[in-house]
Amino acid sequence: MGMRKSSAILALLLSTLASAQEKRYVIIDQDAAGPGGTDMMSILVLMQSPAVVPLGITVVVGDGWRDEEVAHTLRLLESIGRRDVPVVPGAAAPLVRTRQETKLWEQQFGRVLYQGAWTRADSNHDPFEAPNLKEGNPTTKPLDEDAAHFLLRMVSKYPHQVTIYAGGPMTNLALAQSIDPQFAALTKGLIFMGGSLNPHSADQDYASDPRREFNLWFDPEAAHIVLRAPWPSIVCTTVDVSVKTQLSRAMFDEIAKSSAPAAQYIAKYSTPGRSYMWDELAAASWLDPSLITEERLVYMDVNLDRGAGYGDTLTWPDRVKPALDMPLVHAQMNVDMPKFAAEFVKLMTSPTPRAR
């Protein structure tokens with residue numbers, strides 16, 4: 001009996017160890033404006049987890065111009081000692097929407113306050129030139145491959161094992177899906193920050209149109225393609241839950257005490273209380289789904305009509321959804337902020353895991 005009991009305990013320990021060491025493959029698709037801010041800090045969330053195997057970071061225009069975002073991403077990886085992770089340039093413009101047409105649209109339907117690279121003061125330069133960076137220019141180079149084909153290559157190499165994390169407009173994903181309609185089905189699933197249902201916020205961005213959210217708005221045709229694709233699962237970090245988060249002064253001060261490279265990056269380039277933790281929550285809730293205390297199951301799409309609602313989030317419950325084959329979306333609605341804060345601080349103050 002003693003031998004059997006010892007064998008059972010050993011088997012349990014080995015099983016636990018194997019589970020703890022299970023590789024979680026992810027491709028980070030991000031509009032990586034920087035330094036600091038939600039885009040960079042969400043990358044850090046995934047890079048800092050010892051359970052995650054980041055296969056690469058695909059970069060898309062959005063909050064900033066693509067080429068400058070690529071440079072910020074390369075420099076971030078250098079600062080935490082992860083030059084091994086490939087950075088892959090993706091789409092430099094939305095599929096259909098243009099800045100010029102949007103200006104004409106605004107004359108009829110009113111201003112859109114935030115338009116990413118089109119309106120950010122620090123993006124007032126040639127889209128295809130990366131200026132000298134505040135954090136220093138990178139010495140490493142991006143991969144000589146486009147994002148869409150990199151995405152397809154990785155999900156073919158690791159079929160049904162790769163989660164796609166999308167923190168920006170969905171242009172890269174739409175291009176991959178259009179090249180190979182099996183792309184989405186070959187992944188393990190999609191988690192994205194985007195979409196807005198009915199956020200409780202005083203922000204002017206949502207007061208006039210609570211269904212407008214930048215990532216889906218900036219490239220609505222791409223979002224439409226992606227949200228209609230056959231993903232095994234879709235998890236959406238909405239504006240509704242994002243506005244319940246913030247990098248507080250207490251969190252920032254605790255992080256700044258640490259000598260860990262990720263912590264020092266945040267201490268130098270991030271500002272507490274400045275904005276919500278949009279993308280960080282999407283990344284962290286993939287690592288620990290228990291952070292989310294409420295979700296809504298919906299079918300989701302984007303308004304492609306060129307009227308006042310162009311780019312707005314559309315959702316339906318099951319009984320009234322369109323008569324089309326659409327994947328169900330787990331739309332996050334509420335968060336355990338104290339738990340999220342504690343986990344974020346712990347991740348940022350830990351040593352960066354080495355390549356696996």
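Numbering starts at 1 and runs along the sequence shown. Note that the structure is predicted; figures quoted are calculated from it, not measured.
Annotation: side chain of P131 is in contact with side chain of E68 (closest heavy-atom distance under 4.5 Å). The side-chain heavy atoms of Y25 and K157, taken from C-beta on, include no pair separated by under 4.5 Å. Taking the side chain as every heavy atom from C-beta outward, I164 and W231 approach each other to under 4.5 Å. In this structure the side chain of F214 reaches within 4.5 angstrom of the side chain of D31, judged on heavy atoms. Counting only heavy atoms from C-beta outward, the side chains of L95 and T171 approach each other to under 4.5 Å. Here the side chains of W316 and V298 are not in contact, with every heavy-atom distance at 4.5 Å or above. Using a 4.5 Å cut-off on side-chain heavy atoms (C-beta onward), L76 and P35 make no contact. Looking only at side-chain heavy atoms (C-beta outward), R75 and T140 stay at 4.5 Å or farther from each other.
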Are E135 and S79 close enough, and set up right, to give a side chain to side chain donor-acceptor pair (under 3.5 Å), and what steps lead you there? CA-CA 9 Å; E135 65 272 37; S79 71; over 6 Å; no
Give the C-alpha distance, both sets of side-chain angles, the deciding distance and a yes or no for side-chain contact (heavy atoms from CB on, under 4.5 Å) between V61 and F218. CA-CA 9 Å; V61 66; F218 192 69; 4.0 Å; yes
What verdict does the side-chain contact (heavy atoms from CB on, under 4.5 Å) test give for M47 and V52, after you've listed the backbone C-alpha separation in whole Å, the side-chain angles of each residue and the deciding distance to 0.1 Å? CA-CA 7 Å; M47 297 301 304; V52 172; over 6 Å; no
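R66 places no side-chain N or O within donor-acceptor distance of the main-chain N or O of V59, the cut-off being under 3.5 Å. Judged by distance alone, the side chain of T313 and the main-chain N or O of L197 form no donor-acceptor pair under 3.5 Å. R82 places a side-chain N or O within 3.5 Å of a backbone atom of P353 that can act as its donor or acceptor partner. With N215 contributing its side chain and G194 its backbone, the two residues share no donor-acceptor pair below 3.5 Å. No donor-acceptor distance shorter than 3.5 angstrom exists from the side chain of R24 to the backbone of S49, with no hydrogens or angles considered. E69 places a side-chain N or O within 3.5 Å of a backbone atom of G64 that can act as its donor or acceptor partner. A donor-acceptor contact shorter than 3.5 Å is absent between the side chain of W65 and the backbone of E129. Looking at N172, its side chain does come within 3.5 Å of a backbone N or O of A91 through a donor-acceptor pair. Side chain of T238 to main chain of M333: no donor-acceptor pair is present (N/O by atom type, distance under 3.5 Å, no hydrogens or angles).
The neighbour count for R111 CZ, taken as heavy atoms of other residues, nucleotides or ligands under 6.0 Å away, does not exceed 12. Heavy-atom contacts from other residues, nucleotides or ligands closer than 6.0 Å to CZ of R274 number 12 or fewer. The local environment of CD in Q182 is sparse, with at most 12 non-hydrogen atoms from other residues, nucleotides or ligands closer than 6.0 Å. Applying the 6.0 Å contact sphere to CZ of R296 captures no more than 12 heavy atoms from other residues, nucleotides or ligands. Dense packing is recorded around CG of D126, with more than 12 heavy atoms of other residues, nucleotides or ligands lying under 6.0 Å away.
Atom-to-atom distance recorded for Q177:CD and L175:CG is 11.0 Å, nearest 0.5 angstrom. From T58, atom OG1 reaches atom CG of L143 across 11.0 Å, with rounding to the nearest 0.5 Å. With rounding to the nearest 0.5 Å, the separation of CD in E254 from NZ in K346 is 13.0 Å. The structure places OG1 of T102 at 6.0 Å from CD of Q115, a figure rounded to the nearest 0.5 Å. To the nearest 0.5 angstrom, L151 atom CG is 10.5 Å from S156 atom OG. Here the CD atom belonging to Q332 is positioned 3.5 Å from the OG1 atom belonging to T237, to the nearest 0.5 angstrom.
When each of R212, E213, R211 is checked for a side chain to side chain contact (heavy atoms under 4.5 Å, CB included) with V239, only E213 meets the rule. The side chain to side chain contact (heavy atoms under 4.5 Å, CB included) test with M277 is passed by exactly one of K244, M251, M193: M251.
Relative orientation of the Y276 and W278 rings is perpendicular, given thresholds of 30° and 60° on the angle between their planes.
Between Y206 and D240, the side chains place no donor N or O within less than 3.5 Å of an acceptor N or O (distance only, hydrogens not considered). Donor-acceptor pairing under 3.5 Å is recorded for the side chains of Q30 and S42. If you check the side chains of Q264 and S259, you find no donor sitting under 3.5 Å from an acceptor.
For D336 and K339, the salt-bridge test fails: no basic side-chain N is under 4.0 Å from an acidic carboxylate O. Ion pairing between E78 and R83 holds under the 4.0 Å rule for side-chain N and carboxylate O.
No single ILVMFWY cluster, assembled from side-chain heavy atoms under 4.5 Å apart, contains both V53 and L46.
Both the sub-6.0 Å distance and the 45° axial angle are not jointly satisfied by R97 relative to the ring of W118. A cation-pi contact links R306 to Y310, judged by a cut-off of 6.0 Å to the six-membered ring centre and 45° from its axis.
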